[in-house]
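Per chain, numbering begins at 1; letters A, B, ... match sequence-line order.
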There are 2 protein chains.
Amino acid sequence: MTIYEVARRAGVSIATVSRALRGTGPVAGPTREKVLRAVEELRFMPSRAGVSLAEGRHAANGIVFPNLSGPYFTEVLIGYEEVASELGRSVIILSTKGRDAIRDLVRELAGRVDGLVVFGSTVPDDVIDELAASGLPLVLISHAERPGAVTLRSENAASAKALATHLLGHGYRRFAFLGAPYATGDDVDLRWQGVREVLGDAVTPVLTAEYTVESGHEAALRLLGAPGGPEAVICSDDEVALGAILAAEQLGLSVPDDVAVTGWDDIMAARHARPALTTVRQPMRELGARAARALDALIAGAGPEDGHRVLQTELIIRSSCGHHPPGGR
Amino acid sequence: MTIYEVARRAGVSIATVSRALRGTGPVAGPTREKVLRAVEELRFMPSRAGVSLAEGRHAANGIVFPNLSGPYFTEVLIGYEEVASELGRSVIILSTKGRDAIRDLVRELAGRVDGLVVFGSTVPDDVIDELAASGLPLVLISHAERPGAVTLRSENAASAKALATHLLGHGYRRFAFLGAPYATGDDVDLRWQGVREVLGDAVTPVLTAEYTVESGHEAALRLLGAPGGPEAVICSDDEVALGAILAAEQLGLSVPDDVAVTGWDDIMAARHARPALTTVRQPMRELGARAARALDALIAGAGPEDGHRVLQTELIIRSSCGHHPPGGR
DNA sequence: TTGTATGCGTTATCAT
DNA sequence: ATGATAACGCATACAA
């Protein structure tokens, strides 16, 4: 079912069919009618490959993330897909978790899209370099500022300081920062830096295997099971924090009476956990939506080719960090 | 950067470049070297549109789901993407939630892929008809059997009966089935049918707005707040069940002492909830993985063009449905 | 083993 | 207002 068959059926040329269908160039009323009828009868849909080749664009965006296991990347993806779809662009996903030939996969993806969103730390930096050098529009989420790409992230250090300060206000003096191995400049690293700036040597870093409930659980069991444990555990994210709460419960420790626990992200489970989790809300969907818009602007050639944008967060005080006087703020 | 420039640089024809790159047809050793060197120097990547047009295929699969808000669709997507990627196929996603021109979006998607996975009830049946009629390989998840497409789902009715029977064993006699408006033949409808078959008039259906914690919470507040409420609430899925547990707690009711609650799916939060949720485990990732493989077979032209496959589930007894003697089964 | 030439399905330019 | 035709970038049948 090609444009030629439609043209033949309508008794016109393929040029006319193309014009009638996409509204470019003049087409007489009756002619348009004939064409549309033929299209209808033949259930014609222009071949995407043909269009892409002729137009020199894909009308598709890519997104590269490490995995979709937790709510974080999923939420960002939701915001991204929604806006991309509104802008008439399909979205092609690529998860790097457990893949070995990441470089090839990313290259392949790059070949099918007009632009790419990449989460920091999912792709080796030289691959990013290659993409940027190729001129592909690029938006990096939670990645250090970088010429040749737009970078976008939520604020980390200031929120971390606010959180740490709040915990000091509760009277805690021995802290642990619980999270996965963080890479320099990634979100969790910045949170750690912020926390450390306020707490100094009062806070000890404790690594988990991953940013998951399971990992948080295991690490917290060890941390809280040993003597001289922390009075407050600042977790890299909500999932690790939920794991820490489980561990505390398992060890017969009360949260927050025996040990305070805080998270990050404000995923849905944070509000429903017991105790409800004190956390830093991060606008995850907004992050995805902004990325989609920024990428669109990049592709359209509007705006600067690089730049850095930081989205604000909000400290959400609930009950897992300690007791608060009713009516107090 | 086209194949012509590579050919010129290597001093060969484009046919030789193509052969050297994709390993089809014979190429002399030294010639291959020259070509590969030119490719390297020019950072050549074949144009996806060109390849697709020439090959007559996209090497891409689509998947259509209602949303990615909860763990269910996300988990299926994880399994799907992983297998599709292994099979060398990109994954293009489409969320229908809140979209108005679903038909057009699906058509557009259909034009960019070699095959499509669609969750039941996300797309009007006549759109499915159109896709099937067009000959596009189609796998339907949690959709009624259907000629012209492979359908795939997890088992529902038998699990529902087992669950209901287990609850009867606890001695409960007044039940509610809590879930969103279900469509005939969808998963939740089949669960309801199974439950009803065992419990008869002892179970009352109660609708929620959606399959979400919030919806379950609201509906359960009304259900449990009224006099003569049920002794056990069988929920359509874990998220609704978590909402129900929240509602019970809020109303000062103990789960399971005052009211039992069960879920479905065994999402991660089910195990971590308090009380831990009795539920029916459904192999979500496996569902996605199977869909990807079935679609691949369909595209390859292997196997029958339609068929129905049902994946087994497992009843997971935890503490939200009542007390169990230690050591008992 | 290598090259030539054609087709894949559009879009868009340029005549008419 | 409409039609012929040249790209677009690649794969491949066929010749050499």
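- One finds a side-chain N or O of B:T16 lying less than 4.0 angstrom from the OP1 or OP2 phosphate oxygen of C:dG3.
- Regarding contacts with the backbone of D:dC10, every side-chain N or O of B:S18 stays at 4.0 angstrom or more from both OP1 and OP2.
- Both B:L53 and B:P26 lie close to DNA chain C; mapped to their nearest nucleotides by heavy-atom distance, the more 5′-ward contact belongs to B:P26.
- Among the nucleotides D:dT12, D:dA4, D:dC10, the one closest to any side-chain atom of A:S13 is D:dA4.
- The existence of a salt bridge linking A:E55 and A:R22 is confirmed by a sub-4.0 Å separation between a basic side-chain nitrogen and an acidic carboxylate oxygen.
- The distance from atom CD of A:E33 to atom P of D:dA1 is 15 Å, rounded to the nearest whole Å.
- Whole-Å rounding puts the A:H58 NE2 to D:dG9 P distance at 11 Å.
- Phosphate proximity of D:dG9 to B:S47: absent, as no side-chain N or O sits under 4.0 Å from OP1 or OP2.
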Under the criterion side chain to side chain donor-acceptor pair (under 3.5 Å), I'd like the reasoning laid out for A:T151 against A:H143: C-alpha separation, chi angles, the key distance, then a yes or no. CA-CA 6 Å; A:T151 50; A:H143 188 282; over 6 Å; no
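- For A:I14 and A:T31, each mapped to the nucleotide of DNA chain D holding its nearest heavy atom, the one lying further toward the 5' end belongs to A:T31.
- Distance, B:Y4 OH to D:dC10 P: 9 Å, rounded to whole Å.
- At a threshold of 4.0 Å, the pair A:R9-A:E41 counts as salt-bridged, since one of the basic side-chain nitrogens sits closer than that to a carboxylate oxygen.
- Protein atom CD of B:E55 is 12 Å distant from nucleotide atom P of D:dC10, rounded to whole Å.
- Checking C:dA12, D:dC10, C:dT2 against the side-chain heavy atoms of B:P46 singles out D:dC10 as nearest.
- Under 4.0 Å is where a charged nitrogen must lie from a carboxylate oxygen, and between A:E210 and A:K97 at least one such pair does.
- The separation between A:M1 atom CE and C:dT10 atom C1' is 15 Å, rounded to whole Å.
- Side-chain nitrogen and oxygen atoms of A:S52 include none within less than 4.0 Å of the OP1 or OP2 phosphate oxygen of D:dC8.
- As a whole-Å value, the separation of A:E5 CD from C:dT10 C1' is 14 Å.
- Salt bridge annotation for B:R89-A:E108: absent, with no cationic side-chain nitrogen under 4.0 angstrom from a carboxylate oxygen.
- When the side-chain nitrogen and oxygen atoms of A:R19 are compared with OP1 and OP2 of D:dA1, none of them lie within a distance under 4.0 Å.
- Using a 4.0 Å heavy-atom distance criterion, A:A28 is classed as a sugar-phosphate-only contact.
- We find that CG of B:L42 is positioned 12 Å from P of D:dC10, with the value rounded to whole Å.
- In the set C:dT10, D:dT12, D:dC10, the nucleotide with an atom closest to the side chain of B:A15 is D:dT12.
- Proximity of B:R22 to the phosphate of D:dT12: a side-chain N or O atom is located under 4.0 Å from OP1 or OP2.
- Map A:V12 and B:V17 each onto its nearest nucleotide of DNA chain D; the residue landing nearer the 5' end is A:V12.
- For B:I3 and C:dG3, the CD1 to P distance is 12 Å, given to the nearest whole Å.
- By the 4.0 Å N-to-carboxylate-O rule, A:R107 lies close enough to A:E130 to be salt-bridged with it.
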